[in-house]
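Here's the structure we're looking at; comments come further down.
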Amino acid sequence: MEQIMKSARLLKAEATEEDLALIARQALRPLAAAEVYTFRLAACNNQVDRDLERFTEATLEDLAKLFVGRPVLLDHKWNAGSQTARVYGASVEGMPDVEGGRQLVLRCYMPRLQSNGDTIASIETGLLRECSVGVAMERAICTICGTDRATAWCEHVKGCCYEGKQCCVELDGAADAYEVSLLPVPAQPAAGVVKRYGGPEGPEGSPPGKAPGKDSQNWQDEALLEMEKNRYYGGYQA
């Protein structure tokens with residue numbers, strides 16, 4: 001699967017001795033508390049989002065391992081000038097007031113430089129408090145039939161109920177974590193997301209998998225729409 005970008009929230013944090021020890025693993029020299037600004041990101045969670053998709057808890061645990069050392073950028077601009085901070089720690093924690101809720105929390109730091117002053121001020125005043133994480137997933141599993149939508153097509157529609165069970169997609173198997181970006185607009189409650197499957201050009205032919213029955217007159221149109229979505233989105237992004 002291609003890149004997935006998942007939105008998140010900024011949380012206030014104060015650097016402790018443990019934080020400074022972890023930050024030292026990312027820097028070329030030990031940094032004092034006065035030299036760094038730290039914050040936490042509630043990056044993504046195991047709840048079904050607006051797109052009727054969710055990360056499995058196992059995937060969150062895998063992402064926690066992959067995100068340590070990854071950069072924090074501005075607006076998903078993959079260049080050195082956009083690098084603002086770095087992830088120095090990650091863990092999966094409970095979600096307040098959400099029964100069974102689990103979320104990936106990233107601990108990040110940036111140097112207190114003059115060039116970062118505006119960014120820090122925007123964070124502290126609440127102007128800049130959303131973000132999006134860029135990751136790659138191995139599978140996107142239909143909860144009705146178990147089809148991996150990263151590689152195949154199935155007839156089940158997200159949000160529809162089948163024999164009393166609502167269809168959604170479970171994001172499973174963290175392949176990589178690329179970056180976290182600070183940006184203005186989140187896409188879902190608490191950890192919003194706009195997602196994409198497949199490669200940037202989409203599949204070359206019709207989506208694999210069994211076609212719906214003859215009662216579905218719109219199957220070809222739906223398949224073409226799905227291919228166009230794959231071509232346009234290529235993976236997931238927010």
Side-chain angles (χ1 to χ4, degrees), residues 1-15 19 22-23 26 37-78 82-98 100-110 119 122-123 126-140 168-196 235-238:
M1 294 184 67
E2 290 291 324
Q3 182 176 358
I4 298 174
M5 299 178 184
K6 179 77 76 171
S7 68
R9 293 178 181 273
L10 283 161
L11 305 173
K12 185 178 180 179
E14 298 293 338
D19 291 322
L22 293 174
I23 291 171
Q26 306 299 326
Y37 179 80
T38 61
F39 55 95
R40 301 196 306 153
L41 303 175
C44 50
N45 57 56
N46 65 348
Q47 302 300 292
V48 176
D49 61 30
R50 287 177 180 152
D51 289 324
L52 297 167
E53 299 177 342
R54 63 180 291 272
F55 283 113
T56 64
E57 188 168 342
T59 299
L60 295 178
E61 295 286 355
D62 291 340
L63 288 174
K65 300 173 184 175
L66 292 171
F67 258 108
V68 176
R70 295 300 191 261
V72 180
L73 310 179
L74 294 176
D75 297 313
H76 293 300
K77 295 179 181 178
W78 287 22
S82 178
Q83 285 191 261
T84 301
R86 190 165 297 277
V87 178
Y88 66 89
S91 61
V92 178
E93 304 177 5
M95 297 178 65
D97 303 321
V98 179
R102 304 287 288 172
Q103 62 184 349
L104 173 64
V105 177
L106 306 178
R107 287 186 282 174
C108 312
Y109 81 96
M110 68 174 72
T119 301
S122 294
I123 292 173
L127 179 63
L128 187 60
R129 63 182 181 185
E130 288 82 26
C131 75
S132 172
V133 298
V135 300
M137 302 303 298
E138 295 175 351
R139 297 173 293 278
C168 67
V169 169
E170 291 189 336
L171 309 178
D172 186 57
D176 204 350
Y178 302 125
E179 48 88 10
V180 189
S181 283
L182 302 177
L183 78 178
V185 182
Q188 79 171 77
V193 63
V194 175
K195 308 180 184 66
R196 57 189 181 138
Y236 295 6
Q237 66 180 14

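As the structure is a prediction and not an experimental result, all values here were calculated from the model. Residue numbers count from 1 along this sequence.
Partners of T56 by side chain to side chain donor-acceptor pair (under 3.5 Å), not counting sequence neighbours, listed by chain and number: T59, D172. By the side chain to side chain donor-acceptor pair (under 3.5 Å) test, R86 pairs with no residue at all, sequence neighbours left out.
Remark: L104 CG to N46 CG distance equals 11.0 Å, nearest 0.5 Å. From E170, atom CD reaches atom CE of M137 across 10.5 Å, with rounding to the nearest 0.5 Å. The OH atom of Y37 sits 13.0 Å away from the OG1 atom of T84 when rounded to the nearest 0.5 Å. To the nearest 0.5 Å, atom CE of residue M95 and atom CD of residue Q47 are 5.0 Å apart. To the nearest 0.5 Å, atom CZ of residue R40 and atom CD of residue E93 are 5.0 Å apart.
Put simply, the side chain of D49 gets close to the backbone of D51: a donor and an acceptor are under 3.5 Å apart.
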Determine all donor-acceptor pairs shorter than 3.5 Å in which one atom belongs to a side chain in residues 62-74; sequence neighbours excluded.
unit_1	atom_1	unit_2	atom_2	d
R70	NE	A177	O	2.4
R70	NH2	D176	OD1	3.3

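With N45 as reference, Q103 is the one residue of R54, Q103, R102 to meet the side chain to side chain contact (heavy atoms under 4.5 Å, CB included) rule.
Contact annotation: the side chain of Y109 never approaches that of L22 to less than 4.5 Å [non-hydrogen atoms, C-beta and beyond]. The shortest side-chain heavy-atom distance between V180 and L41 falls under the 4.5 Å cut-off. Annotation: side chain of Y88 is not in contact with side chain of L106 (no heavy-atom distance under 4.5 Å).
Ion pairing between R107 and D19 holds under the 4.0 Å rule for side-chain N and carboxylate O.
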